[in-house]
Amino acid sequence: MIRFENVSVTYDGAYEPAVQDIDFTVPEGELTLLVGPSGTGKSTVLGAVSGLVPHFTGGTLRGRVTVAGRDTRTHKPRELADVVGTVGQDPLSHFVTDTVEDELAYGMESLGLAPDVMRRRVEETLDLLGLNELRDRPIATLSGGQQQRVAIGSVLTPHPKVLVLDEPTSALDPAAAEEVLAVLQRLVHDLGTTVLMAEHRLERVVHYADRVVLLPSSGARPVLGTPPEVMAVSPVYPPVVDLGRLAGWSPLPLTIRDARRSAGELRERLADIAPVNGRLPHGDTSPRKDPNPRPEVPAPRRFLRRRTTRTAPDTSTPHPAAAVTALAVHRDRVEALRHVELTVTPGETVALMGRNGAGKSTLLAALVGLVEPTRGSVRVGGAVPHRAAPRDLVQRVGLVPQEPRDLLYADTVAAECAAADRDAGAAEGSCRALVSELLPGVGDDTHPRDLSEGQRLALALAVVLTARPPLLLLDEPTRGLDYAAKARLVSILRALAAEGHAIVLATHDVELAAEIAHRVVVLADGEVVADGPTADVVVASPSFAPQVTKVLAPQRWLTVSQVREALSS
Amino acid sequence: MAPRSRRGGPTVHPGAWWLWALGLGTAATRTTNPLLLGLLVAVSAYVVAARRTAAPWSRSYAAFVKLGLAVLVIRLVFAVVLGSPIPGTHIVVTLPEVPLPHWAQGIRIGGQVTAEGLVFALYDGLKLATLLICVGAANALANPARLLKSLPGALYETGVAVVVALTFAPHLIADVQRLRAARRLRGRPDRGLRGLLQVGLPVLEGALERSVALAAAMDARGFGRTADVPPAVRRTTTALTLSGLLGVCAGTYGLLTAEGGVYGLPLLLSGLAAALAGLRLGGRRSPRTRYRPDVWGARAWMVAGSGIATAALLAVCAAYDPAALRPGVVPLTAPTLPLLPAAAVLLGLLPAFVTSAPEESA
């Protein structure tokens, strides 16, 4: 269905091809996963299928790409629109119309389908993706998961033979991601659609794939094979594969179910050395307070709307890094937060979790003074964030926003660093020193726009850290990061926590939360529904449990590194 | 709650809302009576409040009201600073006058500010503001993008360009707000002009990137596909459009010159007909079809009709009783509310009763 013949792509002004020697075929009705570290040309390969590379992006494509027998050299993207449906990384930039129903119809209108056919297909697609409730809603008012489903639906209605998706689940919470993947699987199984998909969060997708194409490094030949074959050699792999490799399981399990079947012996070996209440595998990263384990916390329960909040006033620390009491925030007549209580102590890492739109970003914005509390109070190191002068505030709290680019104004890394030193009143060169530490090998005159997602995040983090804020906030820091970049981020954050920085991160990434968070706070509908040590909260919740926990349950392991340390000691 | 389709309760053709709003706007240009203008604004506000949806574009009414107020204030400031051509006797205040060289005769800065001049400027500004508010009402009630569906096929792509350009501005404003907020995170003041200027470049970059991404998405979804048309049809299209446009030009010229009254009108009409035929034929090149196009039904007639009737009645009233619609400023008199025109304005309320209420969404 999709055929790459010896393809290489060189963008204008680049010295080396972005991808080369791409030579593979995707048969009809298969779900093929494209994996590889950041910057190895996954998006380029996807773009070549829809013809956007090179017709839209420019550059030179050597070799031949054919889709359903049509050569992309002679067919422009618009002439492939009836066989290929493409959804990019950001669903918002995909939408042409304003409402869900119109968006679903748009592609068919362009192709000139008859009105009665369009009507029927829109209804079918609304049902298939569970969008009927939302059909009249303006797209701008939908949550991330809903938008992603609308984007997929909008390319499904013309009944394309091929679906091309670039990181369809990266921005989604675990439940919404499951929803989207279930739809994809249904399309492949029931309708015989061919799917080519790139994704960093392998733990979510790898077991859905029929085949995997691995781009091991920039410009390297792709490796093809079944998921177990490729995962055995891949530089990027989900935790379950890591655990399988560690335990030497063969065949390598890709699903929790397969891993649990093989895990009996491992569980026995680990039984005697069970982790101390499931936490603190990393030496001295424990928060300075809290000598006793916190009391058992009930799992998030949906029917229990207004739980009595556990304030747990900790008298041992006179100055918490952040104290939020009875906070309520209204935004556009919507109650974004209701009666939220949160105390963060120095050296503590707190993960905020919950579905898209649960109020995580709003809580971070309130902590940094971007939104004014409607009721209740927020104190950060004793100051009121929304009243503090920006200059003072950066010394107390720093936020790395969801889009790190928002923080960067200058056109070179060096200029950005100089500006950060001035803004923070820090000694000259302190930001640059941080950048060299977080981001080795980036030249002074690189434009921030040319950095990869992970590099840009590291630069924004360095800019924020220049002022040495005791409280560091990160909003969805692992979006678009590959496992290597994530591992670097984890070690940086651990080091910061060990230095006494309090860290609050809003994330959908359960594996990240399991790696670094001391405490997990689950928000739902603007309320705190669970607050407790990571092990207690995530073990209790099926959607927030990391893979290792699921495999080794009922033992309470969270991460592969925990298991590795336990086995080696 | 069972969601009801937007078109479940029959919705009104967006064109009808525009005709209604433009009717009210036309009515506003026929009068300077502040009471009637206020009534017009109230009528539009009532209909918007009763019939707008929860969609983002519905909020544009408030933006237009603010714009209208700004226009009013600017008009008043000009009247104060630059003086007014209206002779007046009631001096409110005398500003110091800036001496100007003799070649700038007829212009003055500062000087006497008369109550008559102020009232005249107020009426005048109010008229403009009302007009703007009526346009805002149309924007809030009918999504401009939905008007696209009613455009002839040949003009569709141009229409898309216009709509994309129109949505550019709200996105830009959202970006500016986000980036100014981000300045706070860098420890820089997030208010003031400097803050605005410094985010200028990143905002424009972001907007450009988004436009390029949108263009790529539209291309990949088949925007701009063309159908094969026989060369004969293509040539006929060109000939019809060109001759039609020439006819329109010549006809307009004929109508406007004193001696061309004979051939002007027929030439204009035949030119229009040829141009429309050309457009229709040109539509064949585009294979587009339309999904559930809006139907122009009885409600649409009533909505559009109420606007047009308001405009027509006010025009008639203005011809018969100009004094009531244009209250005098020299000498100053208190405006009174003429009953007949007021009733005509109230006709504009009709849409609030004949159309169905929008679904209340959470």
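In what follows, every chain begins at residue 1, and chains take the letters A, B, ... in the order their sequences are listed.
In this structure, no portion of A/Ala467 lies under 4.5 Å from any heavy atom of chain B. In this structure, chain B has a heavy atom under 4.5 Å from the side chain of A/Leu393, while its backbone stays farther away. Using a 4.5 Å cut-off between heavy atoms, B/Arg178 contacts chain A through its side chain alone, with no backbone atom that close. At a 4.5 Å heavy-atom cutoff, the contact between A/Val368 and chain B is made by backbone and side-chain atoms alike. For A/Asp82, the parts lying under 4.5 angstrom from a heavy atom of chain B are both the backbone and the side chain. Neither the backbone nor the side chain of A/Arg422 has a heavy atom closer than 4.5 Å to any heavy atom of chain B. For A/Pro385, the part sitting under 4.5 Å from any heavy atom of chain B is the backbone (N, CA, C, O) and nothing else. Neither the backbone nor the side chain of A/Thr57 has a heavy atom closer than 4.5 Å to any heavy atom of chain B. Contacts of A/Ala419 with chain B are made by both backbone and side-chain atoms, with heavy-atom separations under 4.5 Å. Of the two parts of A/Leu399, the backbone and the side chain both hold a non-hydrogen atom closer than 4.5 Å to a non-hydrogen atom of chain B. When heavy atoms are compared at a cutoff of 4.5 Å, B/Ala217 approaches chain A solely by way of its side chain, counted from C-beta outward.
Between B/His13 and the choices B/Trp301, B/Trp296, B/Trp20, the ring pair (Phe, Tyr, Trp, His ring centres under 6.0 Å) rule is met once, by B/Trp296. Between A/Val400 and the options A/Leu457, A/Asp475, A/Leu459, A/Asp406, a side chain to side chain contact (heavy atoms under 4.5 Å, CB included) holds for only A/Leu457.
Considering CZ of A/Phe95 and CD1 of A/Ile139, their distance stands at 5.0 Å, rounded to 0.5 Å.
Residues A/Lys76 and B/Asp219 are not paired through a salt bridge, judged by the lack of any N-O separation under 4.0 Å between the basic side chain and the carboxylate. Taking the charged nitrogens against the carboxylate oxygens, A/Asp423 and A/Arg391 have no contact shorter than 4.0 Å, which rules out a salt bridge. For the pair B/Glu205 and B/Arg210, the salt-bridge criterion is not met [side-chain N within less than 4.0 Å of a carboxylate O]. Under a 4.0 Å N-O distance rule, the pair A/Glu416/B/Arg186 qualifies as a salt bridge.
For the options A/Thr86, A/Val122, A/Leu80, heavy-atom pairs under 4.5 Å to chain B are most numerous at A/Val122.
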Given the rule in the salt bridge (Lys or Arg N to Asp or Glu O under 4.0 Å) test, do B/Arg292 and A/Glu109 qualify, once you have shown the distances and angles that lead to the verdict? CA-CA 10 Å; B/Arg292 300 178 83 180; A/Glu109 289 183 323; over 6 Å; no

